[in-house]
Amino acid sequence: MSKDRISVYKFGGASVKSAEAFRNLAQIVQTNGSEQRLLLVVSAMGKTTNALEELLNLASQQREYEQAFLQLKAYHQEVLHELFPDRDHPVYQRLDHLFELLHLQLGSTPQNDNFDKVYDQTVSFGELFSSSILHHFLEAQGFPNTLLDSRKYIQTDNNWREARVDWGWSERLIKRDVLPLLQEGLVVTQGFLGGTNNGLTTTLGREGSDFSAAIFAFCLDAEGMYIWKDVPGLLNADPKYFQETVCYAEISYQETVEMAYYGASVIHPKTIKPLANKQIPLYVKSFLNPAGAGTKISDCRFEKFAPAYIIKENQCLVSFSVKDFTFISEQNLGTIFNALSELRIKINVMQNSAISFSICTDYHPTRLHRLIQTLHDQFVIHYNTELRLYTIKNYDADSLAKMLQDKEVLLEQRTRTTFQFVSK
Ligand code: ASP
Ligand code: MG
């Protein structure tokens, strides 16, 4: 078979969480790599990003972080020891060096007051570790490959923690350099990371590696993008909450985008647009059963399919009322929306009545307090936290009953296809 096809494979944290997982990944590359040119986009190992967030929090509060640092280092070293019996292998030096840089970064945290900027310079180490290990491991297994620094290719602005991509610039760079590299062999790069034009690291939002892979797929005009996960494909519900789940064999970009938007954790919400714009199919497959069919997401249409259940945790319901019993006006709404946009508070659901306006949003304590500070002169503001936003797409009587059972509903909204409510 000719090797003209380019595919982008994204491996999430679970697919590189242990030495065994790395070996399994190499097996997938071996099975599929002879038929196509592969770009591998890898996330941080296991729960490393959470651990880095925790380290940063400790450092920024001037609390003790050495122990947590050593723990994270030990986790990576354990995997190295299993994968590279030769202790003189250059991967050891490389990882030591990266951990030294992380240590320096943590040490300089308290002096820096732009938390979000420091966040990106710190939390990005997870992908630098994992991609380095993958690069060396594949090489040791007989798969020569280039380790690409995605920060030099995914060019972004400095909207820290949720950087916006400069598509034109990124596409030019990726076409210029990555296409020829793929002619030579495998390419390995980091998910989640981007870079500014003055060389600083940015991140694309938590769970953003899917989006990274889609950016590369778009810029390379790939034939397909594959997300390798620990589930059989795109499911109609998170197995964490539901015992019985259905795996969709095929589903449209549009349905998927909506599910991701409502909070299905399976795919990062920004992933679909670049793929849909170029009609690049997205496959969700299981790294535990690579031969399984998985799910194909493309520009298809189906009349009816299993209701999808989506639960978004850590929600906060905020209501704004005018103080003098006048109605909520467009001008009031304008004021509220401006404040929300400035504080980067995203609305998940909203509703208005005569004298109040309510939104359901992810709970960020500092942003919420700033919102209250900004608006408390003009509005009476109440809020409830520790809530969940429940969404059912393609709902019917049965699915509604199942989801609503024993729940006190604080806000609800329905369209012809989608039912949403906020509850404990
Ligand atoms: N490692 C990053 C995170 O956990 C990005 C990703 O996994 O997609 O958020
Ligand atoms: Mg991750």
Side-chain angles (χ1 to χ4, degrees), residues 8-18 21-22 25 39-57 68 72 75-76 79 95 98-99 102 105 115-116 118-135 148-151 153-154 156 159-165 188-195 201-218 225-231 234 238 240 256 259-261 263-275 282 284-285 287 312-314 346 362 364:
V8 177
Y9 280 15
K10 181 260 175 172
F11 290 98
S15 63
V16 287
K17 68 170 186 216
S18 62
F22 272 98
L25 192 166
L39 172 81
L40 313 182
V41 175
V42 68
S43 296
M45 283 167 50
K47 301 266 176 258
T48 296
T49 307
N50 292 354
L52 287 163
E53 283 188 349
E54 188 52 38
L55 272 174
L56 175 64
N57 284 334
L72 186 64
Y75 165 49
H76 283 76
V79 171
L95 264 282
L98 288 173
F99 270 97
L102 168 61
Q105 176 64 44
F115 183 85
D116 289 344
V118 178
Y119 177 100
D120 283 355
Q121 313 316 307
T122 311
V123 169
S124 48
F125 274 93
E127 274 71 13
L128 299 179
F129 301 147
S130 63
S131 59
S132 242
I133 298 177
L134 183 61
H135 160 68
L148 190 83
D149 188 339
S150 62
R151 297 172 296 181
Y153 289 92
I154 296 186
T156 71
N159 189 37
W160 312 110
R161 300 181 73 169
E162 203 155 343
R164 286 174 286 241
V165 176
V188 172
T189 195
Q190 308 81 25
F192 186 45
L193 313 187
T201 303
T202 54
T203 63
L204 305 174
R206 282 306 304 268
E207 308 303 330
S209 297
D210 297 341
F211 182 39
S212 304
I215 297 167
F216 279 107
F218 176 93
M225 169 176 154
Y226 293 72
I227 298 183
W228 295 91
K229 294 189 72 83
D230 55 0
V231 288
L234 186 66
D238 188 337
K240 207 166 80 190
T256 312
M259 283 166 69
Y261 176 79
S265 60
V266 64
I267 291 169
H268 190 278
K270 289 182 181 166
T271 311
I272 300 297
K273 183 179 187 291
L275 301 178
L282 171 61
V284 181
K285 288 176 68 91
F287 61 76
K312 212 168 159 68
E313 300 262 10
N314 194 25
K346 286 188 195 141
D362 297 351
H364 291 289

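The figures here come from the full heavy-atom set of this structure, side chains too, leaving out hydrogens, waters and symmetry mates. Ligands are counted one by one from 1 in listed order, and the atoms in each one are counted from 1 as well.
Evaluated by nearest non-hydrogen atom to atom 9 (O) of ligand 1, the leading choice among Arg206, Lys10, His268, Glu127 is Arg206.
Of all the atoms in ligand 1, the ones that sit under 4.0 Å from a non-hydrogen atom of Ser209 are 5 (C), 6 (C), 7 (O), 8 (O). Atoms of ligand 1 lying under 4.0 Å from at least one heavy atom of Ser43, given by number and element, are 6 (C), 7 (O), 8 (O).
Among all heavy-atom pairs drawn from Ala51 and Leu72, the shortest one is CB-CD1, 3.9 Å.
Taking distance alone, with nitrogen or oxygen atoms compared against 3.5 Å, Gly205 stays at or beyond that limit from ligand 1.
The backbone N or O of Ser150 sits less than 3.5 Å from a side-chain atom of Gln190, completing a donor-acceptor pair. The backbone N or O of Leu204 lies less than 3.5 Å from no partner atom in the side chain of Glu162, so there is not a single donor-acceptor pair.
Heavy atoms of Gly13 stay at 4.0 angstrom or farther from ligand 1.
Using cut-offs of 30° and 60° on the angle between ring planes, the pair Phe11 and Tyr9 is perpendicular.
Side chain to side chain, Thr201 and Ser124 fail the donor-acceptor criterion of an N or O pair below 3.5 Å.
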